[in-house]
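Down below is the structure, laid out as structure tokens.
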Protein chains: 2
Amino acid sequence: MSSMAQAQDQRPRDVAGYKHGRVPRAVRYDQLLDLAEGLLVERGYAGFSIDDLCRAAGVSRPVVYEHFGSKDGIYLACVGRIRAEFEEAVLNASAGSQDLATTLERGADAFFSILERDPRRWSLVYGGANALVGPLAGQLADLRDTTVQQIAVASAPFAPHAEPERLAAWAHAVSGAGEQLGRWWLRNPQIPRERIVAYHRDFLTAAARYLIASTEAGPVPDSHG
Amino acid sequence: MSSMAQAQDQRPRDVAGYKHGRVPRAVRYDQLLDLAEGLLVERGYAGFSIDDLCRAAGVSRPVVYEHFGSKDGIYLACVGRIRAEFEEAVLNASAGSQDLATTLERGADAFFSILERDPRRWSLVYGGANALVGPLAGQLADLRDTTVQQIAVASAPFAPHAEPERLAAWAHAVSGAGEQLGRWWLRNPQIPRERIVAYHRDFLTAAARYLIASTEAGPVPDSHG
DNA sequence: CTTGACATCTTACGCGCCGTAGGTTACGGT
DNA sequence: ACCGTAACCTACGGCGCGTAAGATGTCAAG
């Protein structure tokens, strides 16, 4: 939870229930994470400064570094938490479905509902590959791969004969299509959610039919005979 | 062209054919763009500094600002040029195809060939949504939309009855799937290109069948009856 | 050749922000 | 009352962005 970090109060303030600025480690961590998320969502990675976070929390710089190590550390923590909550919601929605199409449709519906409810928050995860190089890039990619892996796991029971690699490719394509559709929707919010979901569902339904059919029919069809 | 900017020479150097540091505007622009691309590809947006660029070009800071206005300006110029070259290659490869499946397959083959030939260069475009907010985010999204638009235009003749919005959704999904597949491949280069292309082709072929069928059959199928 | 306008480039600065070294203050057990 | 430790702070070095103000080469006209 804790999705509604506002972070607009610039004056230092005490955390609920603690007299002076002094607060237990875990509590401070949560407070900082909430505030950081709010600032990041509002201003983006580049516009986010640790000094702002400190001012919002009423705390000095070393405190933040003691908890997160670096600016990238804060960013990763925020993205990781958001992604985890998102994955949980989507998986819960699609769990227990009887076929692949239903699994995908329920997952997609949950996905776009989240997007609609809290667009900017999710766009923080979306923006994703912030650093093209360096440690951050790899860690963000790891987070993304975790999500994709969940899609593969959820789909696997319905395509029991698919080789792992093909299944992975499938999951990546599904996730990529969904993300891009989501990005497009964020820039064109006048489109009602039902239509977006329908486009997505139709697209995936066709693709799903392919996944199952091709793996029943035989091994990898390859491109040069 | 001009994809091989090395930018490893740290000492100031004269541009070919000009005695002193003094060089015509257009020439300087090209030199800076080439060097900047090399540095960006090598170090990523965050690790790229204008001072480094100046050192590499043997020029002082205001020169760069006179040409590009800001660090984001340089970044946008590089990404824009790469994307334009990429689009041209893909469109050329797929032009003149007789059906949608062939169009997509040829385009995809060109896409992944480029990816294979110059992974890091393309990953600069890929990384894309660097800023989640602010002007840069919008301009990068515009560049991306241009690419997607080209997919839509190339696909349109083969689905003449598709409403524009459905076609747009289709194009975004196609592009998203391709990008994500590409990202996955970059992290798993041991997979041979033929297999990636085959996965992608199969995925899109199924989806293409859907696009055509659904638009021949009638209007938007929607999700709640 | 001189003069003046223009294009190209430079030195030098202010500012914001990251990350850290070293010191200070509350808390909790004995 | 006393000491260890957990939580916190002041103060700094350094880098990198963007700009103001000035210097220097180029070229055309008188």
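Proteins get letters first, then strands, A, B, ... in listed order; numbering begins at 1 in each. Computed from a prediction, not measured in an experiment: that's the story for all the values here.
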**Prompt:** Could you go step by step and tell me if E42(A) and R120(A) meet the salt bridge (charged side-chain N to carboxylate O under 4.0 Å, His left out) rule?
**Reply:** CA-CA 8 Å; E42(A) 189 178 341; R120(A) 306 180 69 187; over 6 Å; no
**Message:** Would R193(A) and S113(A) count as a side-chain hydrogen bond (donor to acceptor under 3.5 Å, both in side chains) here? Give the steps.
**Reply:** CA-CA 8 Å; R193(A) 179 165 60 90; S113(A) 293; 3.1 Å; yes
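Between R25(B) and dC9(C) there is no side-chain polar atom (N or O) within less than 4.0 angstrom of OP1 or OP2.
Taking the six-membered ring wherever Trp is involved, the centroid distance between the rings of Y199(A) and W170(B) does not fall below 6.0 Å. Side-chain rings of F86(B) and F111(B) approach one another, their centers coming within less than 6.0 Å. Between F203(B) and F203(A), the distance separating the two ring centers is shorter than 6.0 angstrom.
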**Request:** For DNA chain C, produce a single dot-bracket line, 5' to 3'. Pairs: Watson-Crick or G-U wobble, both distances under 3.5 Å. Symbols: ( ) within strand, [ ] crossing, | other strand, . unpaired.
**Result:** ||||||||||||||||||||||||||||||
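Nucleic acid contact for V63(B): base, since at least one base atom lies under 4.0 Å from a heavy atom of the residue.
Legend: residues meeting side-chain contact (heavy atoms from CB on, under 4.5 Å) with A77(A), ordered by chain and number and at least two apart, are Y29(A), L33(A), F68(A). Residues forming a salt bridge (Lys or Arg N to Asp or Glu O under 4.0 Å) with D72(A) (at least two apart in sequence, or on another chain): none.
In this structure, CZ in F112(A) is found 4.5 Å from CG in L181(A), a value given to the nearest 0.5 Å. Taken from NZ in K71(B) to CD1 in I50(B), the straight-line distance is 7.0 Å, to the nearest 0.5 Å. Taken to the nearest 0.5 Å, the OG1 atom of T103(B) stands 10.5 Å off from the CG atom of L91(B).
To the nearest angstrom, C1' of dA7(C) lies 14 Å from OH of Y18(B). Counting to the nearest Å, the P atom of dC8(D) and the CG atom of L53(A) are 13 Å from each other. In this entry the distance linking CZ of F68(A) with C1' of dT20(C) reads 18 Å, nearest Å. Between L136(A) atom CG and dC18(C) atom C1' there is a gap of 14 Å when expressed in whole angstrom units. Rounded to whole Å, the distance from OH on Y45(A) to P on dC17(C) is 14 Å.
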Close N/O contacts between protein and nucleotides 15-19 of chain D (under 3.5 Å):
| residue | atom | partner | partner atom | Å |
| --- | --- | --- | --- | --- |
| dC17(D) | OP1 | I50(B) | N | 3.2 |
| dC17(D) | OP2 | I50(B) | N | 3.2 |
| dG18(D) | OP2 | Y65(B) | OH | 3.0 |
| dG18(D) | OP2 | K71(B) | N | 2.9 |
| dG18(D) | N7 | R61(B) | NE | 3.0 |
| dG18(D) | N7 | R61(B) | NH2 | 2.6 |
| dG18(D) | O6 | R61(B) | NE | 3.3 |

List, with names and distances, any nitrogen or oxygen atoms from the protein found under 3.5 Å away from nitrogen or oxygen atoms belonging to nucleotides 2-4 of chain D.
none

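Here the shortest heavy-atom pairing between A108(A) and H200(A) reads CB-ND1, 3.2 Å.
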**Asked** How does protein reach along nucleotides 22-27 of chain D, written 5' to 3' as B (base within reach of a heavy atom under 4.0 Å), S (only sugar-phosphate), or - (no contact)?
**Response** --BB--
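Using a 4.0 Å cut-off between a side-chain N of Lys or Arg and a carboxylate O of Asp or Glu, E163(A) and R195(B) do not qualify as a salt bridge.
Heavy atoms from other residues, nucleotides or ligands lying under 6.0 Å from CD of E165(A) number more than 12.
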